[in-house]
Amino acid sequence: MNLKNTIVRVLFFGILLGILMMIVGKVFHLSKGALFMALIISYIVFVIILIPYQMRKGKLLTHKIDILLRQLNKGDIENYIIGMKKLLNETENDYLKSMLTMNMAIGYTLKGEFEQANAHLECIDTNSVDKRTQMVLYHNIALNAFWAGETKKACIIMESHEDILKTGLESSYFKNSFGETFALWSFAMGKREQGFTYLENIIKDETAKSLEKQSAQVLWAKEKIADNEIAESEELLKYLFDNTKIPYIKKEAENILQKLNK
């Protein structure tokens, strides 16, 4: 349930109810006391009905999203995207639309369709979401841009929003995904030691998700090959190619291995 929108609805209804009661009072010549009592009772009934309804609606949406996320974790990306699109079409709330769009874009990212992911993300009005969500939005756009080879664009985003993005590194939930993006930025700026430090922290983190580790590993191998450390990197890429469920990681590992074998 979006508390802000619920409060707005309650206040808006209160104004409409007040106007309606004034009209009813004049038509039926009700006393001020009777009119006030009718207004209070009507308002209480509305609140009692609205809040449980909004809570139930919010729980149902959360349940649907959880099901889709389980599909995503199993590698069923296409149905995840289809499901998110369906939820988007059923939603009128601007905040929820923004959140669902961000979730849907993750599917395109995992498929390796980075430009498509950003086409959706860049349509989001930053004023429709809170500061924390803005942080994730800027990060996701930058990450997609880096993987799409749009390094200049990605660096501009990182520089423009560096302060807010750094807070993501301090979050137990976001630190590893943000760490990967900061590693990409470090490599782009020629700060290779710093880049490898970010990746090493992700790879060694026991709480890191499989996706986060694999993404860090493929980037690690790519950059180590650039430093002419080939044998170990090649083995890691072969392992990732054989075991990952994430299309863009498999595709990246395959591309690098093909270049090595030319």
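Heavy atoms only: backbone and side chains are in, while hydrogens, waters and symmetry mates are out.
- Taking the side chain as every heavy atom from C-beta outward, I225 and L237 approach each other to under 4.5 Å.
- In plain terms, the two heavy atoms of L240 and Q217 that are nearest each other are CD2-OE1, 3.4 Å.
- Within a 6.0 Å sphere centred on CD of Q258, heavy atoms belonging to other residues, nucleotides or ligands number more than 12.
- With rounding to the nearest 0.5 angstrom, the CE atom of M99 is 11.0 Å from the CG atom of N93.
- Under the 4.5 Å side-chain heavy-atom criterion for Ile, Leu, Val, Met, Phe, Trp and Tyr, F182 and I156 are members of distinct hydrophobic clusters.
- Between Y108 and M104, some side-chain heavy-atom pair lies under the 4.5 Å cut-off.
- One finds the CZ atom of F146 at 7.5 Å from the OG1 atom of T181 (value rounded to the nearest 0.5 Å).
- Although no hydrogens or angles enter the test, the distance criterion places a donor-acceptor pair under 3.5 Å between the side chain of T109 and the main chain of A105.
- H139 contributes atom NE2, which lies 10.0 Å from atom CE of M102 (distance to the nearest 0.5 angstrom).
- For the side chain to side chain contact (heavy atoms under 4.5 Å, CB included) with L72, the lone residue among L110, I67, I81 that qualifies is L110.
- For A145 against A154, the heavy-atom pair with the smallest separation is CB-CB, 3.7 Å.
- Side-chain contact between L257 and K238 is present, with at least one heavy-atom pair separated by less than 4.5 Å.
- A donor-acceptor pair is defined here as one N or O able to donate and one able to accept, closer than 3.5 Å; no such pair exists between the side chain of D227 and the backbone of E229.
- Here the closest non-hydrogen pair linking K153 and E122 is NZ-OE2, 2.5 Å.
- In this structure, D130 contributes its side chain and T133 its backbone to a donor-acceptor pair below 3.5 Å.
- The CD atom of Q194 lies 11.0 Å from the CG atom of L199; values are rounded to the nearest 0.5 Å.
- Heavy-atom minimum distance, F196 versus F187: N-CZ, 3.7 Å.
- The 12-atom threshold is exceeded at CZ of R192, counting heavy atoms of other residues, nucleotides or ligands nearer than 6.0 Å.
- Here the side chain of S171 pairs no donor or acceptor atom with the backbone of G168 at under 3.5 angstrom.
- Contact between G195 and A183 at its shortest, heavy atoms only, is O-CB, 3.5 Å.
- Looking at heavy atoms from C-beta onward, E234 lies in side-chain contact with N261 at the 4.5 angstrom threshold.
- Taking every heavy atom of both residues into account, E212 and I202 meet most closely at O-CG2, 3.6 Å.
- Y80 places a side-chain N or O within 3.5 Å of a backbone atom of N103 that can act as its donor or acceptor partner.
- Side-chain contact annotation: W220 with E232, donor-acceptor N/O pair under 3.5 Å absent.
- A distance of 10.5 Å separates CD in E252 from CD in E254, rounded to the nearest 0.5 Å.
- Side-chain N or O atoms of S177 include one that pairs as donor or acceptor with a backbone N or O of F174 at under 3.5 Å.
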request  = With side-chain hydrogen bond (donor to acceptor under 3.5 Å, both in side chains) as the test, would you mind laying out the steps for Y248 and S215 before giving the verdict?
outcome  = CA-CA 9 Å; Y248 91 84; S215 192; 2.5 Å; yes

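- Between the side chain of K97 and the main chain of T91, a donor-acceptor pair closer than 3.5 Å is present.
- Two residues are said to be in side-chain contact when any heavy atoms from C-beta on lie closer than 4.5 Å; L184 and T151 fail this criterion.
- Between the side chain of K250 and the backbone N or O of F241 there is at least one donor-acceptor pair closer than 3.5 Å.
- Using a 4.5 Å cut-off between side-chain heavy atoms of Ile, Leu, Val, Met, Phe, Trp and Tyr, with links allowed through other members, L100 and I82 fall into different hydrophobic clusters.
- A salt bridge between K166 and E162 is present, with a side-chain N of the basic residue lying under 4.0 Å from a carboxylate O of the acidic one.
- For the pair V136 and V129, the minimum side-chain heavy-atom distance is 4.5 Å or more.
- Within 6.0 Å of atom NZ in K191, 12 or fewer heavy atoms from other residues, nucleotides or ligands are found, so the atom counts as exposed in its surroundings.
- If you take CG on L137 and NE2 on H161, they are separated by 8.5 Å, rounding to the nearest 0.5 Å.
- Remark: the backbone N or O of N201 is not paired with any side-chain donor or acceptor of D205 at under 3.5 angstrom.
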